Amino acid sequence: MKKECMMRAFINAESSYDDNAYIQQYMSKKLFSMLEKYSLNTFDSIFEFGSGTGILTRLLSQLAFKRYICNDICNYKNKYTNSRIQTQIFDMEDICYMDIYNERFNLIASNACLQWLPFNKTIENLYNMLDSNGVLLIGTFGVQNLVEVRDISGVGLVYLSLDYISKYIGGLFEILQIDEEIKKLDFSHSLGVFRHLRDSGVNSLGDRLKTSWIKEYQEKYKGEISYHCIYILARKS
């Protein structure tokens, strides 16, 4: 998918995103609970990329911190704001050229963004931006994500397996916890699925949506859609 299409889909869904991003809401709570499990609640500096409308940000802002910087590629009109949190708008693929790349953080976090980025290079960049013993908290998606939509339309991202993700991150970090699960949503009819994708901005079908896809989806999957959620908590050793 072209980056411009992705950005347009998310900007168009800004007003409807929080009410329709059921899985992203769920994942953010799971990520926050992982920090709680390991009593990780105090950080001098936090960097969150792909912060979007602030679903994860609202949770992480409950932590004790001195500095918190959020990033997103989209400049939302009504993005979540907090006087203690700074927002920087840029493409994470360009982070090596940004001043922030030379800063160091105790926590780097993100949910539902990593799948849009080159995985290996991004993980290496995050490693370089973390202080010694810094914590990495990531929510992303695996190979079965939106498998029904990709089957019908042939459109979608290329997702990585948990095994690959574990091995690559484990080569750089101490993995504290890594989990996966398949979460299914049922919208009763295929039309509900495509509305959900539009209103949450998670799929950039745009004008390419065909009536034949809606019909075929209804015949094969009814109103069901699958999300393959992956949760990562790691420490820079």
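A quick note: this is a predicted structure, and the numbers were derived from the prediction, not measured. In this chain, numbering begins with 1 at the start of the sequence shown.
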Task: Neighbour count >12 (heavy atoms, 6.0 Å) for atom CG, D99 - done: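 12 or below, so no.
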
Open item on the list: Tell me whether the count of non-hydrogen atoms from other residues, nucleotides or ligands lying under 6.0 Å of NZ in K220 goes above 12.
Closed with: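 Result for NZ/K220: enclosed.
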
Should [X] and [Y] be counted in the same cluster of Ile, Leu, Val, Met, Phe, Trp and Tyr side chains packed under 4.5 Å apart?
{"X": "L157", "Y": "I230", "answer": "no"}
{"X": "I23", "Y": "I225", "answer": "yes"}
{"X": "I108", "Y": "F119", "answer": "yes"}
{"X": "L137", "Y": "M129", "answer": "no"}
{"X": "Y101", "Y": "L136", "answer": "yes"}

Quick one, [X] and [Y] - any side-chain contact, counting heavy atoms below 4.5 Å?
{"X": "M27", "Y": "Y227", "result": "no"}
{"X": "Y26", "Y": "E181", "result": "yes"}
{"X": "C74", "Y": "I89", "result": "no"}
{"X": "V149", "Y": "W213", "result": "no"}
{"X": "E93", "Y": "P118", "result": "yes"}
{"X": "C229", "Y": "Y231", "result": "yes"}
{"X": "I95", "Y": "F47", "result": "yes"}
{"X": "I138", "Y": "F49", "result": "yes"}

Donor-acceptor contact present, side-chain [X] to main-chain [Y], <3.5 Å:
{"X": "N111", "Y": "Q24", "value": "yes"}
{"X": "S190", "Y": "I214", "value": "yes"}
{"X": "D44", "Y": "N106", "value": "no"}
{"X": "S51", "Y": "N71", "value": "yes"}
{"X": "D72", "Y": "G52", "value": "yes"}
{"X": "Y217", "Y": "E224", "value": "yes"}
{"X": "R84", "Y": "F65", "value": "yes"}
{"X": "R150", "Y": "V158", "value": "no"}

Just verifying a value: how many Å separate [X] [atom1] and [Y] [atom2], rounded to the nearest 0.5 Å?
{"X": "L63", "Y": "L107", "atom1": "CG", "atom2": "CG", "answer": "7.0 Å"}
{"X": "I152", "Y": "K215", "atom1": "CD1", "atom2": "NZ", "answer": "12.5 Å"}
{"X": "D186", "Y": "H189", "atom1": "CG", "atom2": "NE2", "answer": "11.5 Å"}
{"X": "N128", "Y": "C96", "atom1": "CG", "atom2": "SG", "answer": "7.5 Å"}
{"X": "Q88", "Y": "Q86", "atom1": "CD", "atom2": "CD", "answer": "4.5 Å"}

Specify the closest pair of heavy atoms between [X] and [Y], including all atoms of both residues, with the distance to one decimal.
{"X": "M34", "Y": "I232", "value": "CE-C, 3.9 Å"}
{"X": "T57", "Y": "E48", "value": "OG1-OE1, 2.8 Å"}
{"X": "D131", "Y": "K236", "value": "O-CD, 3.5 Å"}
{"X": "V135", "Y": "L130", "value": "O-CD2, 3.5 Å"}
{"X": "A109", "Y": "L56", "value": "CB-CD2, 4.3 Å"}
{"X": "G223", "Y": "V193", "value": "O-CG2, 3.5 Å"}

- [ ] Start with the C-alpha gap between T53 and I55, add the side-chain angles, then the distance that decides, and say whether side chain to side chain contact (heavy atoms under 4.5 Å, CB included) holds.
- [x] CA-CA 6 Å; T53 58; I55 291 175; 4.0 Å; yes

- [ ] Output, in order, the C-alpha distance, side-chain angles, deciding distance and verdict of side chain to side chain contact (heavy atoms under 4.5 Å, CB included) for L160 and T140.
- [x] CA-CA 10 Å; L160 300 175; T140 188; over 6 Å; no

TODO: Might you work through the side chain to side chain contact (heavy atoms under 4.5 Å, CB included) test for E36 and N41, ending with a clear yes or no?
DONE: CA-CA 7 Å; E36 292 181 315; N41 52 26; over 6 Å; no

Open item on the list: Looking only at the aromatic ring of each residue, does the gap between the centers of F141 and H228 stay below 6.0 angstrom?
Closed with: no

Ignoring hydrogens and geometry beyond distance, is a side-chain donor-acceptor pair present between [X] and [Y] at under 3.5 Å?
{"X": "Y164", "Y": "N120", "value": "yes"}
{"X": "D151", "Y": "Y221", "value": "yes"}
{"X": "Y159", "Y": "Q144", "value": "no"}

TODO: Test side chain to side chain contact (heavy atoms under 4.5 Å, CB included) on E148 and S226 and set out the steps.
DONE: CA-CA 7 Å; E148 302 91 349; S226 301; 2.5 Å; yes

Task: Ion pair R67/E103, N-O distance below 4.0 Å - done: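 Yes, charged N to carboxylate O under 4.0 Å.
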
Solution key, residues 165-177 side-chain donor-acceptor pairs under 3.5 Å, sequence neighbours excluded:
| from | atom 1 | to | atom 2 | distance (Å) |
| --- | --- | --- | --- | --- |
| S166 | OG | L162 | O | 2.8 |
| K167 | NZ | D163 | OD2 | 3.4 |
| Y168 | OH | E124 | OE2 | 2.4 |
| Q177 | OE1 | K37 | NZ | 3.3 |
| Q177 | NE2 | D179 | OD2 | 2.6 |

